[in-house]
Colleague: 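I'd like to ask some things about the structure below.
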2 protein chains.
Amino acid sequence: MAVFPRPPLPGSPRSLEPCLSCDARADSVCNAVDDEHLARLAELAVVSDVQAGQTFIEEGDPADSFFNLTAGSAKLYKLMADGRRQITGFVAKGHFLGLAVSATYAFSAEAIEPVRLCRFSRSRMFRLLGDFPALERRLLERAATELVAAQEQMLLLGRKTARERVASFLHTQSLAAPCGRARNSIELPMSRGDIADYLGLTVETVSRTLSRLRGEGLIEIPSATMVLVRDPGRLAVLAAG
Amino acid sequence: MAVFPRPPLPGSPRSLEPCLSCDARADSVCNAVDDEHLARLAELAVVSDVQAGQTFIEEGDPADSFFNLTAGSAKLYKLMADGRRQITGFVAKGHFLGLAVSATYAFSAEAIEPVRLCRFSRSRMFRLLGDFPALERRLLERAATELVAAQEQMLLLGRKTARERVASFLHTQSLAAPCGRARNSIELPMSRGDIADYLGLTVETVSRTLSRLRGEGLIEIPSATMVLVRDPGRLAVLAAG
DNA sequence: CGAGGGTTTGAATTAGATCAACTCTCGTGG
DNA sequence: CCACGAGAGTTGATCTAATTCAAACCCTCG
């Protein structure tokens, strides 16, 4: 459970400080803006906290804001009328949200762990973007990166077996590990249900598949939220099909 | 079979003309550049033609070029080692390709119908982009649009039934119809195999599902490459699940 | 006319879903 | 401290949607 040293006061006077000292800055598009101009960005940002389990973007709502996630983690998803859900991604510190061109959000977002985020007015942000080409470039790079990830996920969802999907997921998670964590140790803040909805499977299949991988000595599962990769090589091979 | 009035001569002197008179310009990111500056763009463009069935981007190859598709249509896809294929999108006139941030292409591209395309050196293009913020903005918009489409496709691949997938595909195709075509008439330049690899299904399932939709009076199939939507409303409902 | 794609249809098979039971964990309160 | 309950996770048995295997059926083109 993350604890925030500086609980945000809604409507509190904005200052440059939160941006300069933001520990998500290095991972974020914001670091395309140098210290001296950061104030322009900071005065647009409204910081807010979101509890675990709370939805902070609702698909179909007017897309007024950009978001920058500065702490915690969240899931992005789309829902069908009957409740079927597809999680399109998990996002962590430094991730930028709300690039949508349309007037409404194309997905929902819900905090998995307590989240802190910077909210920017879309219209003001767009105006600002004109003055910061480096920032815009960074956004373009991010979008391109996400597009590549999305294509990889389409391959997974369209063509991989359950086994390959779970292996791919573990493989990707182990690569995306925040540095300074034990090698081959994967933290899974999301539930099995979330993993299932991300991989286009059911909870049961995810659970069974994990158990089987454990039975084969590829991984260990010391607790439900932690996986140790015993054999990264074989896992990678499995993931690739 | 499209016939090009002006067969490109490789190495032919580049002029502004091909850009000014390009009939893909209206659909393309290029129209963010006004007439007087178009020359800057034109001098970077190398026009080339690609036959149907020919691959013009190979996954894993060095990503040296951007492409702008000015005629014809193509499929983008990823392959697994054993030949499984996921088509991540079909692209037509006006589509921009090759935004990848990494040093290599993340997907392959193959012409479905004869394709004409403008090739731009990535490095030169990026340099140029600095002088044309409107162009860069347009790229960002495109990327965002594609990201939204990709999320929709993930929902389809992860959570929709075969019936819903085929209905969604027909629905989307009917919306993306080039204007000036008969309402409710869908041209399908791609094969059943391509559709299957796009929807994460087999050829047989696609064929069976189409037949069933026809049996139910939702569509007509006057030829393999043409579908008439009899009941767009019910199709849309089906597509949504 | 016949060869060879692409497409359609049918029968058998199976990976994963569904349904159902059980376990584990963890927080609450007696 | 332990009993209890609720939710998440696991495991087993059955079922089914879609795949696989197999056989026509078309078009198109030489």
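Each chain gets a letter, A, B and so on, in the order the sequences are listed, and its residues count up from 1. This structure is a prediction, so every number in the text was calculated from the model and none was measured.
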Colleague: Quick one: is the NZ or CZ of R119(A) closer than 6.0 Å to the six-membered ring centre of F67(A), and within 45° of its axis?
Modeller: no
Colleague: State whether a side-chain donor-acceptor pair under 3.5 Å links S168(B) with K160(B).
Modeller: yes
Colleague: How many whole angstroms separate atom CG of L210(A) from atom C1' of dT11(D)?
Modeller: 13 Å
Colleague: Determine whether any donor atom in the side chain of R212(B) lies under 3.5 Å from an acceptor atom in the base of dT8(C), or the reverse, and answer yes or no.
Modeller: no
Colleague: Base, sugar-phosphate, or nothing: which does T161(A) touch, judged by heavy atoms less than 4.0 Å apart?
Modeller: sugar-phosphate
Colleague: Grab the CE-P distance between M190(A) and dG7(D) for me, whole Å please.
Modeller: 22 Å
Colleague: Taking the side chain of R208(B) as heavy atoms from C-beta outward, which of dT7(C), dA17(C), dA11(C) is closest to it?
Modeller: dA11(C)
Colleague: If we count only N and O atoms by modelled type, under 3.5 Å, do the side chains of H171(B) and E164(B) hold a donor and an acceptor together?
Modeller: no
Colleague: Which listed nucleotide (dG16(C), dA18(D), dA20(C)) is nearest to the side chain of E204(A)?
Modeller: dA20(C)
Colleague: Which whole-number value in Å describes the distance from I195(B) CD1 to dG6(C) C1'?
Modeller: 12 Å
Colleague: Whole Å only: how far is the CZ atom of R163(B) from the C1' atom of dT16(D)?
Modeller: 16 Å
Colleague: Looking at dA18(D), dT11(D), dT8(C), which one has an atom nearest to any side-chain atom of R192(B)?
Modeller: dT8(C)
Colleague: I want to know whether F107(B) and Y77(B) have ring centres closer than 6.0 Å.
Modeller: no
Colleague: Output the single nucleotide from dA17(C), dT8(C), dA18(D) whose closest atom is nearest the side chain of S211(B).
Modeller: dT8(C)
Colleague: Rounded to whole angstroms, how far apart are CZ on R159(A) and C1' on dA18(D)?
Modeller: 11 Å
Colleague: Select base, sugar-phosphate, or nothing to describe what L201(A) touches, counting heavy atoms under 4.0 Å on all strands.
Modeller: sugar-phosphate
Colleague: Rounded to whole Å, please give me the gap between CG in D194(B) and C1' in dT7(C).
Modeller: 13 Å
Colleague: Would you say dT19(D) has OP1 or OP2 under 4.0 Å from some side-chain N or O of T205(B)?
Modeller: yes
Colleague: Does R214(B) reach a base, just sugar-phosphate, or nothing at all? Heavy atoms under 4.0 Å.
Modeller: sugar-phosphate
Colleague: In whole angstroms, how far is the P atom of dA18(D) from the NZ atom of K160(B)?
Modeller: 13 Å
Colleague: Within the structure, does a side-chain N or O atom of T202(B) lie under 4.0 Å from either OP1 or OP2 of dT19(D)?
Modeller: yes
Colleague: Can you tell me how far P of dC27(D) sits from CD1 of I221(B), to the nearest Å?
Modeller: 13 Å
Colleague: Please evaluate residues E220(A) and V227(A) with respect to the criterion side-chain contact (heavy atoms from CB on, under 4.5 Å), reporting the C-alpha separation (whole Å), side-chain torsions for both, the decisive distance (0.1 Å), and the verdict.
Modeller: CA-CA 6 Å; E220(A) 280 174 50; V227(A) 171; over 6 Å; no
Colleague: Quick one: label S207(B) by what it contacts on the DNA or RNA (base, sugar-phosphate, nothing), any heavy atom closer than 4.0 Å.
Modeller: base
Colleague: Answer with base, sugar-phosphate or nothing: what part of the nucleic acid does S191(B) contact at a heavy-atom distance below 4.0 Å?
Modeller: sugar-phosphate
